[in-house]
Structure formats: C-alpha cells, structure tokens
Amino acid sequence: MSETPQVTDLPSAAPPGGNGIDRFFKISARGSTFGREIRGGFATFFTMAYILVLNPIILGSAKDKFGHQLDHVQLTTTTALVAAVMTVIMGVGGNLPLALAAGLGLNAVVAFQIAPLMSWDDAMGLVVLEGLLICVLVVTGLREAVMHAIPQPLKQAISVGIGLFIAFIGFVDAGFVSRIPDVAGTTVPVQLGGTGTLTGWPVLVFCLGVLLTIGLLARRVRGAILISIVTMTIVAIVINSVADVKNWGLTVPMVPDDVVASPDFGLLGHFSLFGAFGETGAITVVLLVFTLVLSDFFDTMGTVVGISAEAGLLDEEGKVPDLGRVLLIDGAAAVAGGAASASSATSYIESAAGVGEGSRTGFSNLVTGGLFAFALFLTPLLTIVPMQAAAPALVAVGFLMMTQVKHIDWDRYEIAIPAFLTIAVMPFTYSITNGIGAGFLAYVLIKAVLGKAKEIHWLLWATSALFLVYFAIDPVEQILGVK
C-alpha cells in the first residue's frame, strides 16, 4: 500500500460516473469503492471507540482546584458528540479518511496539569483558546507553510515512526506488552505480558487476532482488518461467557442488558474563555496554552501526513490535498472539544485502520461519524469490542506504514540521522510530537554543522527553536518563576 504515495499511482478503478456522491468525494477517482469506504469507516470506528470509555475515565477521575469532578455520563455524551460532528465535517470539508475525537495525551494534560490549577470551566476555556490560536495559524497560512517546509524524507520518517508507535500502542493496550513496576528494581521498562509471560484469555484473543489479521492480509482478503475485529469480538464474547475472566480492561465483551442509553448534554457550553488568567496569572496561562498548541500542532501534522501518505494521497511534491481546510477543521475540533468539556479533539492516527481497509476519501468519515452519533444512544451495544480484538488492526497497520522506510536515503547522514531519531523517539516516548521535535532539531543541527544552513527553511529554524523550549519547558518555567 505504501509503495507509492501519489494519487496517480493508485489502483485503477471505474472512472467517475454519474453518481453525485462518487464525484463529490472522488471515490472512483482515488481508486476506491463504496464498499471499501464503508468497511474502512467501520474499522476506524472500532479501533478508536475506546475513547468513549477512556476519555471519561481520564477527565472524570481528576479534580479541579475546588475539588469538583466532571460527570461520567455527561463526559461520555460529549465525547461521542464531538467525535461524530467533527469527523463528519472533516469528511465533507476535508475529504480525507481522517476521524477526530478527544486527543489522548492532551486530555491528560488538561486533567492532571491544568485542572488542578483552576476550575474545570477555566481549564476548558484554555482548550478553546488553544483551538482558536491554531485556527489563526491556519488562516494566516503559517501552519500549512510549516508542513510544506518539511523535507520529504522527514515526512516519510514521520509516517514510519507513527507506524511503530501505533503498533506499540496495540501491543500495550492488548496486554501483550506491559510496564514493569518500579518496585521490581530493574531498569528494563517493559516486559512480555503482565509478568514476563503471556497469561490469560484476553491476551490469547489478541494473539489469535494478530495471526488471523496477518493471514488474511497475506492472502489479500478484502476487509481483512474488519473481518478480524468482528471475528475476534465474537470469540471474546464466547470466552467471556464460559470462562472467569477479570482482566479484559476498559471494555468487557458481553452482550449488554440494555441496548439504549440516554445521552446527557449537561456539559455543553461550560467553559470560561479568560477565567484562567485570574486564577493562575498570565505567564502560567501562556505556558499552558503553548504546551497544548505545540502538542496539538505537531501531533496533527504527523497524523495528517502519515494517513495521507499511507492512503496514497500526497501529490508529486509530497503535499496533502486541500491541506488548509483539513488543518482549519482540526483547529475547529479543538475549539469544539473545549466548548463541550470533552478536552481538545484532534485527528486520530487510528484512522490508519480504515485506510488499511481501503478508505481513500471522506465518505468513510460519514460511516465513522454516524457510528459515533449512534453511540450517543447505543453506547452499551457499540462498545462491546474489547481492545484485544481491535488492537491487532493497529499492529497490522503499523506494518503497512513501516514499509515507507525504504524510501529514505540511509546513506546520507544529514537525512538518515534525523529520520532515525524521528522514527525511534515516537514509540520510545509514546509521543508523535516528541519524535517530530527530535527529528527537526537533529536536521537543523546537522545541516548547520555541514555548512548547509542556507538550505534550511526559516520556518524549520523557528519551529526547532520552539521545540528547544518545549523540551526544556521545566527549566524555562523555573527561570520565569512559574515553579
């Protein structure tokens, strides 16, 4: 799939016909079909539906400065609502198979770093400010210019790094890999399974899912990823009904007693745009917003480039089609997430699962967004897919994205070293942003050392300087007297 990242190299398909939907989304023109788009939409939803469980847990477990907690049911509703609306808007407005929902990492920053300093309304107000600032950067053309200034090999490295990152996410979330507790007295950070060995039915479901997925992919079976997810969910439900399993994780695979659940929209509109300035002071607010913006900015950049490259949608110059609209919608998603108290919403790398199923257009977003909309009322039914059944899709897609590594010139150290750091730092630090920052800094440094500073776009100098601040945020805060 990753052989060639140009639209012109996509598989041949029926020419655009009289179907208005086909022409609007360019389904045939991009070598796709309605069947592939629908399968991709389902695959993307099932690989990211966990956010309906995880986001309420993260935000709902934290207390603000005044000891208040957000309601779990209301958080579930707003999480599904924002994901549904913004995913559909991205599909129609950006025409990319790129789903959006509350950003992991960003929600943790809001819950555990920002909320303890102020009220929840003030914290969500900062998220809205972050989104508005990103929209300003898009409107002025700065965000798009930064993306175009990145050398093509670094873009390919970003895609490869994301592939390893999401594969690692799949291994960790399924329990195949786990963190070794600090009390173990070892410097080894992770291990096989929970105790150094694979134990338990859930891990078996994951392993069987990986074998099934790669077997179907090797035979080039259409719908391989979705078939695997559905099959292993059924297997998990059967196992859960006959065995005593206590460690499925966030989602237990069982037929729910109640299919319908009433949504609660009580958190909508609960934000204070400038209240944080009165609670913590201007310098603290600026640093907090800066952290949110930088993380959201480059996480999205990496995700958009990676998904577009894997879908074969980059043009001859390695640019994303209609990038300005895509980035503006992503910025608006951050605003929507804050306004709904669901934390900043952003583009999801799990969309790669849909691309792996054949998604090439925004039509698949209508399916994914529609499922999130159904989740407002059918959460018990649509969240029975355990991570162990969905995670094999992330491992498989990680492989597909990894294949782009062959396009990088490993004999040129000025490209190879930054590319390597980009690829390695993403999974090792569990952050797309950190990997991009490491690659940028290494690229600028090596070019300067080799006397090729003039070849560096001024925007790369500027963003690298920002990353220096980002990586050194603790001493910067101490110098400014914030800590």
Side-chain angles (χ1 to χ4, degrees), residues 1-45 47 87-88 90-99 152 155-156 159-160 162-163 213 216-229 303-323 325-326 347-370 393 396-407:
M1 294 180 61
S2 305
E3 252 338 285
T4 49
Q6 283 81 31
V7 177
T8 53
D9 293 325
L10 286 171
S12 60
N19 190 314
I21 296 178
D22 185 295
R23 291 197 302 272
F24 180 84
F25 287 103
K26 303 178 182 178
I27 295 174
S28 295
R30 291 184 178 180
S32 185
T33 65
F34 282 103
R36 293 175 185 173
E37 297 297 316
I38 292 171
R39 290 198 304 269
F42 271 91
T44 294
F45 173 78
T47 55
T87 295
V88 170
M90 178 64 81
V92 175
N95 199 23
L96 282 182
L98 192 65
Q152 180 65 10
K155 290 181 180 178
Q156 293 163 336
S159 183
V160 174
I162 289 175
T213 304
L216 292 173
L217 284 176
R219 292 187 62 85
R220 301 189 182 278
V221 175
R222 291 184 178 181
I225 292 175
L226 184 57
I227 291 172
S228 174
I229 293 173
T303 299
V304 171
V305 171
I307 294 297
S308 299
E310 183 59 26
L313 299 179
L314 299 182
D315 63 18
E316 292 77 5
E317 298 177 359
K319 295 181 180 180
V320 179
D322 299 317
L323 180 59
R325 280 189 291 176
V326 171
S347 302
Y348 258 57
I349 192 56
E350 281 85 351
S351 303
V355 173
E357 278 299 322
S359 295
R360 294 295 180 271
T361 76
F363 185 81
S364 65
N365 278 31
L366 303 187
V367 178
T368 304
V397 172
F399 155 72
L400 294 173
M401 299 185 74
M402 179 71 187
T403 58
Q404 295 190 53
V405 73
K406 62 190 174 189
H407 298 299

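- The main-chain N or O of T361 is never found under 3.5 Å from a side-chain atom of N95 such that the two would form a donor-acceptor pair.
- Formation of a donor-acceptor pair under 3.5 Å by the N365 side chain with backbone atoms of T87 is found in this model.
- A side-chain donor-acceptor contact under 3.5 Å links T403 to the backbone of L400.
- Inter-residue side-chain proximity for F45 and V367 is flagged as unmet; no heavy-atom pair is nearer than 4.5 Å.
- Between A352 and V397 the shortest heavy-atom distance is CB-CG1, 3.0 Å.
- Although no hydrogens or angles enter the test, the distance criterion places a donor-acceptor pair under 3.5 Å between the side chain of T44 and the main chain of G40.
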For the pair N19 and F24, evaluate side-chain contact (heavy atoms from CB on, under 4.5 Å) and give the outcome as yes or no after the intermediate values. CA-CA 9 Å; N19 190 314; F24 180 84; over 6 Å; no
Apply side-chain contact (heavy atoms from CB on, under 4.5 Å) to residues I307 and I349 and explain how you reach the verdict. CA-CA 7 Å; I307 294 297; I349 192 56; 4.0 Å; yes
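- Between the side chain of S32 and the backbone N or O of S359, no donor-acceptor pair lies under 3.5 Å.
- T368 places a side-chain N or O within 3.5 Å of a backbone atom of G41 that can act as its donor or acceptor partner.
- The environment of CZ in F42 is sparse: at most 12 heavy-atom neighbours from other residues, nucleotides or ligands sit within 6.0 Å.
- Enclosure of atom CZ in F399 is not indicated, since only 12 or fewer non-hydrogen atoms of other residues, nucleotides or ligands lie within 6.0 angstrom.
- Smallest separation of non-hydrogen atoms from S347 and V304: OG-CG2, 4.4 Å.
- Under a 3.5 Å cut-off, the side chain of E37 and the backbone N or O of R360 do form a donor-acceptor pair.
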Pair V405-Q156, side-chain contact (heavy atoms from CB on, under 4.5 Å): steps then yes or no: CA-CA 7 Å; V405 73; Q156 293 163 336; over 6 Å; no
